[in-house]
Amino acid sequence: MDQTVLWEQEGGVATITLNRPEVLNAVNDRMAEELLEALRRAEREPEVRCVVLTGAGRAFCAGQDLRAREGEFSYAQHVRTRYVPLISKIQSLEKPVVAAVNGVAAGAGASLALACDLRVAAEEAAFLQAFARIGLVPDSGATYFLPRMVGLGKAFELCYLAEPLPAPEAARLGLVNWVVPGAQVLGKAKEVASRLAAGPTRAYGLTKRALYRNLHANLLDAMDYEAMLQDAAGRTQDHREGVQAFLEKRPPRFAGR
Ligand code: LHQ
């Protein structure tokens with residue numbers, strides 16, 4: 001059987017590709033398991049310093065495989081066992097995660113893209129809160145990420161009307177970082193990822209922790225948390241190298257430690 005998730009590593013960048021192009025990379029149980037394993041591997045392996053998540057074929061991901069639901073099936077249990085671990089792993093992975101949104105990202109597929117730290121999208125890609133079309137509620141973090149990225153009013157519109165949000169408009173709203181022609185989307189994502197993979201990996205990981213944690217903090221609390229993380233960053237080899245490079249007027253060579 002073909003693998004539903006592909007892994008490719010080049011330098012410090014691991015590219016994880018959703019690989020069920022015949023169904024627009026809709027997620028079945030096997031894909032959810034293989035994707036989680038790939039994310040765990042990216043977390044575990046020190047040589048991996050940045051992750052790119054993309055889709056094979058013309059779509060990024062069409063969300064839950066709507067044909068793969070058989071027999072008694074608790075939606076709550078399914079979301080909790082299949083999607084929550086994936087979204088949580090992307091969020092807790094203390095390395096940058098870049099989505100290369102090569103085509104449509106729908107339902108939980110859009111949530112996967114939103115959970116990544118940065119998004120590069122193809123001009124023809126679109127984000128679709130498909131849930132209302134089939135009488136469901138946005139899940140897998142959609143109601144968490146969307147209002148924070150585009151504001152509550154726009155989030156309501158996207159969730160209620162369930163119309164595709166084209167990548168150029170998504171970029172104007174701040175939901176996408178870069179929009180490029182389709183043929184360039186993976187290249188651009190890898191270019192960004194290579195730059196991040198040569199960066200201060202520990203500091204990036206701690207930055208991610210602070211940004212998420214402080215979404216819910218007041219200013220004093222946020223600054224205290226930053227101060228605590230700064231202690232950890234300040235003890236890294238990369239910090240010493242960064243300061244040294246500055247003093248010697250040369251580019252830093254970060255080792256990710
Ligand atoms: C698909 C799918 C798909 C199977 C395209 N499944 N085959 C969590 C847990 C519990 C319950 C339910 O939900 C969730 C979270 C969710 O993600 S709910 C939302 C599920 N996703 C959707 O509702 C999106 C369904 N797909 C679409 O609306 C369209 O396919 C989009 C707008 C993504 C793309 O449209 P087109 O470009 O026109 O492509 P297409 O519809 O012709 O699809 C191509 C093929 O892919 C087609 O198969 P076929 O054999 O006819 O060529 C589709 O059936 C298949 N496919 N999405 N989610």
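Both ligands and their constituent atoms are indexed starting at 1 by order of listing.
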Q: What pairs of residues pass the side-chain hydrogen bond (donor to acceptor under 3.5 Å, both in side chains) test when at least one of them lies in residues 161-184, not counting sequence neighbours?
A: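 Matches after skipping sequence neighbours: K154-E169.
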Q: Can you classify the ring geometry of H78 versus Y83 as parallel (below 30°), tilted (30 to 60°) or perpendicular (above 60°)?
A: perpendicular
Q: Quick one: which residue pairs count as a side-chain hydrogen bond (donor to acceptor under 3.5 Å, both in side chains) with a foot in residues 217-234, not counting sequence neighbours?
A: R213-D221
Q: Can you see whether E248 engages Q244 through a side-chain donor-acceptor pair at a distance of less than 3.5 angstrom?
A: yes
Q: Which protein N or O atoms sit under 3.5 Å from any N or O of ligand 1? Give atom names and distances.
A:
from: ligand 1; atom 1: 6 (N); to: L66; atom 2: N; distance (Å): 2.9
from: ligand 1; atom 1: 17 (O); to: Q64; atom 2: N; distance (Å): 2.9
from: ligand 1; atom 1: 17 (O); to: A108; atom 2: N; distance (Å): 2.9
from: ligand 1; atom 1: 21 (N); to: A62; atom 2: O; distance (Å): 2.9
from: ligand 1; atom 1: 37 (O); to: R58; atom 2: NH1; distance (Å): 2.8
from: ligand 1; atom 1: 37 (O); to: R58; atom 2: NH2; distance (Å): 3.4
from: ligand 1; atom 1: 39 (O); to: R58; atom 2: NH2; distance (Å): 3.0
from: ligand 1; atom 1: 54 (O); to: R67; atom 2: NH2; distance (Å): 2.9
from: ligand 1; atom 1: 58 (N); to: A62; atom 2: O; distance (Å): 3.2
from: ligand 1; atom 1: 58 (N); to: Q64; atom 2: O; distance (Å): 2.8

Q: Could you walk me through whether E34 and E37 pass the side chain to side chain contact (heavy atoms under 4.5 Å, CB included) test, one step at a time?
A: CA-CA 5 Å; E34 289 184 4; E37 183 40 45; 5.6 Å; no
Q: Would you give me the side-chain donor-acceptor pairs under 3.5 Å for residues 108-122, sequence neighbours excluded?
A:
from: S111; atom 1: OG; to: D139; atom 2: O; distance (Å): 2.8
from: D117; atom 1: OD1; to: K208; atom 2: NZ; distance (Å): 3.1
from: D117; atom 1: OD2; to: V97; atom 2: N; distance (Å): 3.0
from: D117; atom 1: OD2; to: K208; atom 2: NZ; distance (Å): 3.2
from: R119; atom 1: NE; to: L175; atom 2: O; distance (Å): 2.7
from: R119; atom 1: NH1; to: A113; atom 2: O; distance (Å): 2.7
from: R119; atom 1: NH1; to: L114; atom 2: O; distance (Å): 3.2
from: R119; atom 1: NH1; to: C116; atom 2: O; distance (Å): 2.7

